[in-house]
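Quick notes on the structure that follows.
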Amino acid sequence: MSALELSPYPGDKLQSLEKLALCRESQLSMLLTLFGERSHLSFPSIFIYGHTGTGKTYVLQTALRTLELPHVFVNCVECYTARILFEEILNQLYNHCPGPENEFSSYERCDTFNEFVRFFKRATASRGLRNETVYIVLDKADLLREMDANLLPGFLRLQELTGDNVTVILLTEIAWETFRPNTGCFEPLTIYFADYSKVELQKILSSDHPEDYSPEFYASYINILLGVFYTVCRDVKELRHLVRFLINLLPHCN
């Protein structure tokens, strides 16, 4: 029995997750264990780190969407100030999209962390989310260190400050020992995404072969390509782009 089968979520969704998150079974199993059931009190903060192209963002987004868990996903590159970050989280909670019809305004103007705590509690109450975990995912979270000094410690303690069942998940390429602020803060639970091995990359890249080629031919092609490029690139996104680019050149090589 796989670890995922012990999860309280529907079996068909777990099977779908296993197919979508290849070679990340252990990380996915740990995430689902931490999530627990929708109404269970989850861990206040989770710190996920690893090199680029190791599946951190993809696995987390896939899990939250497939299991239909209430969540907000924010990129800290786009939300480069505290106010923009607060307002984007609230916009997503309210399913509000700034546009011409609302003069591109946010749902709430929010300038301080204290205001954000108050508005967040109001949002979860109005959306009927007080009895289940809400996940706030902050991608490129290392940029938080360049914002207000109270921002990172505040997000790590958001569950305590709001009294709500909320989990803040930080995604970054930096290890927690380097990331941790000098002033000290609540310690999150850490999950490491290691680089894919050559065997894992072979399995992932071979899984989406074009219909024009047999699985055996495509697997051999992937094996040859990894033999050349594996030592210099292990980013699955870049390798997938390279694989598709070179395979499209084959008809012109006769």
Answer yes or no: is there a side-chain heavy-atom contact under 4.5 Å between Leu31 and Val59?
yes

Does any N or O in the side chain of Asn165 come within less than 3.5 Å of the main-chain N or O of His40, such that one atom is a donor and the other an acceptor?
yes

Are Ile84 and Tyr94 in one and the same hydrophobic cluster, where Ile, Leu, Val, Met, Phe, Trp and Tyr link if side-chain heavy atoms are under 4.5 Å apart?
no

Any sub-3.5 Å donor-acceptor pair from Ser206's side-chain atoms to Lys203's backbone N or O?
no

Taking everything shown except Tyr192 itself, do over 12 heavy atoms lie less than 6.0 Å from its OH?
yes

Output all residues satisfying salt bridge (Lys or Arg N to Asp or Glu O under 4.0 Å) with Asp164, sequence neighbours left out; order by chain, then residue number.
Arg130

Indicate the ring-plane relationship of Phe120 and Phe116, choosing parallel, tilted or perpendicular according to the 30° and 60° boundaries.
tilted

Output field: ring centroids Phe35/Phe43 closer than 6.0 Å
no

Taking the side chain as every heavy atom from C-beta outward, state whether Phe119 and Leu93 have any atom pair closer than 4.5 Å.
no

Is the backbone N or O of Thr54 less than 3.5 Å from a side-chain atom of Arg24, with the two atoms forming a donor-acceptor pair by type?
yes

Would you check if the distance from the ring center of Phe179 to the ring center of Phe47 is below 6.0 Å?
yes

So, using side-chain hydrogen bond (donor to acceptor under 3.5 Å, both in side chains) as the criterion, who are the partners of Glu160 when residues are at least two apart?
Arg157

Between Gln159 and Val166 (side chain of the first, backbone of the second, donor and acceptor by atom type, cut-off under 3.5 Å), is there such a pair?
yes

Side chains of Glu146 and Leu151, heavy atoms from C-beta outward: is any pair under 4.5 Å?
no

Could you walk me through whether Phe155 and Ser45 satisfy the side chain to side chain contact (heavy atoms under 4.5 Å, CB included) test, starting with their C-alpha distance in whole Å, then the side-chain angles of each, then the deciding distance to 0.1 Å, before giving a yes or no?
CA-CA 8 Å; Phe155 273 119; Ser45 53; over 6 Å; no

Sidechain-backbone polar pair: Thr124 side chain, Lys121 backbone, donor-acceptor under 3.5 Å:
yes

Side chains of residues 67-78: which donor-acceptor partners sit under 3.5 Å, not counting sequence neighbours?
from: His71; atom 1: ND1; to: Leu69; atom 2: O; distance (Å): 2.8
from: Asn75; atom 1: OD1; to: Val77; atom 2: N; distance (Å): 2.8

Taking only residues two or more places apart in sequence, or in another chain, which ones meet Arg109 in a salt bridge (Lys or Arg N to Asp or Glu O under 4.0 Å)?
Asp111

Could you check whether atom CG of Asp12 has more than 12 heavy atoms from other residues, nucleotides or ligands sitting under 6.0 Å from it?
yes

Closer than 3.5 angstrom, by distance alone: can the side chain of Ser29 be matched with the main-chain N or O of Glu25 as a donor-acceptor pair?
no

Plane angle bin for His96 and Tyr107 - parallel if under 30°, tilted between 30 and 60°, otherwise perpendicular:
perpendicular

Non-neighbouring partners of Arg38 that pass salt bridge (Lys or Arg N to Asp or Glu O under 4.0 Å), sequence neighbours left out
Glu132

Would the distance check show the side chain of Glu238 and the main-chain N or O of Cys233 forming a donor-acceptor pair, the cut-off being under 3.5 Å?
no

Check whether any side-chain N or O of Lys56 sits under 3.5 Å from a backbone N or O of Gly50 as a donor-acceptor pair, and report yes or no.
yes

Do Leu143 and Leu85 sit in one hydrophobic cluster, given that two such residues count as connected whenever their side-chain heavy atoms are within less than 4.5 Å of each other, even indirectly?
no

So if you build clusters from Ile, Leu, Val, Met, Phe, Trp, Tyr with side-chain heavy-atom gaps below 4.5 Å, do Tyr80 and Phe86 land together?
no

Using side-chain hydrogen bond (donor to acceptor under 3.5 Å, both in side chains) as the criterion, list what pairs up with Asn223, not counting sequence neighbours.
none

Honestly curious: do Leu242 and Val228 fall in one hydrophobic cluster under the side-chain, below-4.5 Å linking rule?
yes

Rounded at 0.5 Å granularity, tell me how far CG in Leu205 sits from CG in Leu225.
8.0 Å

